[in-house]
Amino acid sequence: MKPQSVHILGAGIVGLATAAVLIDRGFDVTVIDREGPGEGTSRGNAAAIAWTDVAPLASPGIWKKAPGWLLDPLGPLTVRPSYALNILPWMLRFMRAATPSAMKRSTQAIASLNALALPAWERIWERMAWGNHVRHEGCLEVFDKTSQLAEARSGWQRQRDHGMDVRELSGDELRDMEPDLSPAVVGGAFIPGWLHIDDPYDLCRDLAAYVTARGGRIMKGDAVSVAGTETGSIVRLREGHIVKCQALVIACGAWSKWLAAEFGDDIPLDTERGYNITVPAPGVSFRRFIMLPGYGFVMSPIARGLRIGGAVEFGGLKSAPNWRRVDALVARAKRIAPNLNADHGERWMGFRPSIPDSLPVISRASAGSNVFYAFGHAHHGLTQAAATAEILASMIAGEAPPVDIAPYRATRF
């Protein structure tokens, strides 16, 4: 029987996009979050709608780079020594996901989801009248080493194979587009279909306002237990409330693992700790989103200034931030933008919910017919949030989803 009301655990970008789609389809919607709309990982997102990015993190070539990265505690990919045993099972699954055949499956599944991503966002933005906050400037991939430039060409071809426009450019052509790039830049690519937004935190808050204006509810609450019932499920909150749910969506990002376990699903979910700095007056001016694949980070011009962030640190949810990683990001950014001044910026660290095959879990729970999952999007949370919302809305309404959801099922592990 189709539920009339839906509770969503998590007011990040995925949970809020899901709330917006569901409320427009006539569902009674309540979003529960311990902090508030966009106050968690979504707040520090790099702001890209990266629908052209179809490559999983796990790939055969990554093992050539990983040993050097792992030996550098401030490099693009690192594991805190104290967390090495904890992450070992995840890493073993990651190795299996990096075989050529597994990578091909993951790439196809990412491409299928990303093909829905931009149209799904455009439908939400049209209803919200939010289009003036979207920047259609494209993305530049930039390299200062000819060896890394050569390695990138196979990835660009995979993108072209999926119908995406990728144009290789020389260093001079890149500097013509973005004069603040260093003379050391040897080449890269322009991806015109890429876009980014003014600020992901603003989008989260505006989505929350959109939902409440249509009769939805946003409430603060910290879930301490969940359980199925004959008629749906219940959520117990630390604040003492017990919430009865007809349908429940778990969209708690990196904190979703234990909730899914309560419904019979053992998900290999861990967190990639991501760092960034947002500089209001950076001394350089970029119109376009700049990716630095060789260094594992990005430079994103947003309404608040220039956001420099990325890289991957495995260290769990409890370790204190290592702010030296931000210093390392800035030092590397200055190789590409020598006039950058990041002396006065806001530093941030967040938890990307990551699964070894780089695919999210968008699925019905194993135990609980009206319990649904929407987490594990890693670097594509903002990109895939609206597509995830439309898939979930179809499932909750008892309709066929717009894409084949088999690659994203919780039971695939």
Side-chain angles (χ1 to χ4, degrees), residues 7-20 29-49 197-212 216-224 226 235 237-239 248-260 267 269-278 300 302 304 307 309-323 325-326 346-355 360-362 373-386 388-389 392:
H7 286 76
I8 300 169
L9 288 180
I13 193 65
V14 174
L16 291 167
T18 301
V29 176
T30 301
V31 182
I32 304 171
D33 191 278
R34 65 184 177 185
E35 295 179 286
E39 295 293 344
T41 301
S42 294
R43 182 170 189 148
N45 191 288
I49 308 297
I197 62 174
D198 280 347
D199 195 300
Y201 184 46
D202 288 346
L203 176 56
C204 286
R205 292 190 298 178
D206 290 346
L207 281 166
Y210 180 83
V211 169
T212 56
R217 291 168 295 280
I218 311 288
M219 62 179 289
K220 280 194 174 183
D222 185 6
V224 294
V226 291
V235 179
L237 303 179
R238 191 176 304 279
E239 294 77 5
L248 176 66
V249 174
I250 295 174
C252 298
W255 288 267
S256 300
K257 181 182 176 71
W258 73 266
L259 295 166
I267 310 295
L269 176 69
D270 213 292
T271 177
E272 300 177 28
R273 296 153 58 95
Y275 292 79
N276 70 40
I277 183 170
T278 303
S300 176
I302 64 172
R304 298 169 190 262
R307 179 161 288 171
V312 173
E313 178 192 50
F314 290 101
L317 294 168
K318 297 180 180 179
S319 298
N322 177 5
W323 296 120
R325 293 186 64 79
V326 173
E346 180 185 359
R347 300 180 177 212
W348 179 90
M349 189 272 285
F351 303 96
R352 303 186 195 101
S354 186
I355 292 174
V361 176
I362 309 170
Y373 302 145
F375 57 81
H377 296 77
H379 298 256
H380 290 110
L382 175 58
T383 299
Q384 297 171 348
T388 299
L392 282 174

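In this text the structure is predicted, and so the values were computed from the model without any measurement.
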Open item on the list: Once rounded to the nearest 0.5 Å, what's the spacing between atom SG of C204 and atom CG of L16?
Closed with: 5.5 Å
Open item on the list: Regarding R304 and T278, do their side chains bring together a donor and an acceptor under 3.5 Å, going by distance alone?
Closed with: no
- [ ] Report the C-alpha separation of R217 and V29 in whole Å, then their side-chain angles, then the decisive distance to 0.1 Å, and conclude whether the side chain to side chain contact (heavy atoms under 4.5 Å, CB included) test is met.
- [x] CA-CA 6 Å; R217 291 168 295 280; V29 176; over 6 Å; no
Open item on the list: Tell me whether T18 contacts the main-chain N or O of V14 through its side chain, where contact means a donor paired with an acceptor under 3.5 Å.
Closed with: yes
Open item on the list: My understanding is that only residues two or more places apart in sequence, or in another chain, count here; which of them pass side-chain contact (heavy atoms from CB on, under 4.5 Å) with W323?
Closed with: Y275, P321, V326, R347, M349
Task: S300 side chain vs A46 backbone, donor-acceptor pair below 3.5 Å - done: yes
Task: Student check: side-chain heavy atoms of S256 and L269 closer than 4.5 Å - done: yes
TODO: May I ask you to establish whether R307 and W348 are in a cation-pi arrangement, using a distance under 6.0 Å from NZ or CZ to the six-membered ring centre and at most 45° from the ring axis?
DONE: no
Task: Nearest heavy-atom neighbours spanning I8 and A251 - done: CG2-CB, 4.4 Å
Open item on the list: Evaluate L203 against L382 for side chain to side chain contact (heavy atoms under 4.5 Å, CB included), listing each step before the verdict.
Closed with: CA-CA 10 Å; L203 176 56; L382 175 58; 3.9 Å; yes
Open item on the list: For A260 versus I267, what's the shortest heavy-atom pair and its separation?
Closed with: CB-CG1, 4.0 Å
Open item on the list: Heavy-atom count check: over 12 atoms from other residues, nucleotides or ligands less than 6.0 Å from E346 CD?
Closed with: no
Open item on the list: Quick check for you: to the nearest 0.5 Å, what is the distance between T212 atom OG1 and I218 atom CD1?
Closed with: 6.5 Å
Open item on the list: Please give me the minimum heavy-atom distance between A374 and T388, naming the atom from each residue.
Closed with: CB-CG2, 3.8 Å
Open item on the list: Could you check whether any side-chain N or O of D33 sits under 3.5 Å from a backbone N or O of G221, counting only pairs where one atom can act as donor and the other as acceptor?
Closed with: no
Open item on the list: Between R205 and G38 (side chain of the first, backbone of the second, donor and acceptor by atom type, cut-off under 3.5 Å), is there such a pair?
Closed with: no
Open item on the list: Under a 3.5 Å distance rule, please check whether S319 uses its side chain to pair with a backbone N or O of G316 as donor and acceptor.
Closed with: no
Task: Atom of A254, atom of P353 and distance for their closest heavy-atom approach - done: N-CB, 3.3 Å
Open item on the list: Determine whether a donor-acceptor pair (N or O, by modelled atom type, separation under 3.5 Å) exists between the side chain of K220 and the backbone of R34.
Closed with: no
Task: Close side-chain approach of P360 and Q384, heavy atoms under 4.5 Å - done: yes
- [ ] Could you pull out the closest heavy-atom pair between A11 and V31, with the gap in Å?
- [x] CB-CG1, 3.8 Å
- [ ] To the nearest 0.5 Å, tell me how far Y373 OH sits from I362 CD1.
- [x] 14.0 Å
Open item on the list: Strictly distance-based, threshold 3.5 Å: is any side-chain N or O of T41 a donor or acceptor partner for the main-chain N or O of G350?
Closed with: no
Open item on the list: Show, in sequence, the C-alpha distance, side-chain angles and deciding distance for E272 and H379, and conclude whether the side chain to side chain contact (heavy atoms under 4.5 Å, CB included) test is met.
Closed with: CA-CA 9 Å; E272 300 177 28; H379 298 256; 2.6 Å; yes
Open item on the list: Set out, in order, the CA-CA distance, both residues' side-chain angles and the distance that settles side chain to side chain contact (heavy atoms under 4.5 Å, CB included) for V224 and L237, then state yes or no.
Closed with: CA-CA 6 Å; V224 294; L237 303 179; 6.0 Å; no
TODO: With rounding to the nearest 0.5 Å, note down the distance linking CG in D206 to OH in Y201.
DONE: 11.0 Å
Open item on the list: Counting C-beta onward and ignoring hydrogens, is there a side-chain heavy-atom pair between N322 and E313 closer than 4.5 Å?
Closed with: yes
Task: 4.5 Å side-chain heavy-atom contact, L9 and V249 - done: no
Open item on the list: With rounding to the nearest 0.5 angstrom, report the CD1 to NE2 distance, I32 to H7.
Closed with: 5.0 Å
TODO: Check whether the ring centres of F351 and W255 lie less than 6.0 Å apart, and answer yes or no.
DONE: yes
Open item on the list: I'd like to check the ring pair (Phe, Tyr, Trp, His ring centres under 6.0 Å) partners of F314; sequence neighbours left out, ordered by chain and number.
Closed with: W90
- [ ] Starting at CD1 of I13, measure out to CD1 of I197 and round the result to the nearest 0.5 Å.
- [x] 6.5 Å
- [ ] For residues A223 and V235, report the shortest heavy-atom separation together with the two atoms involved.
- [x] CB-CG1, 3.8 Å
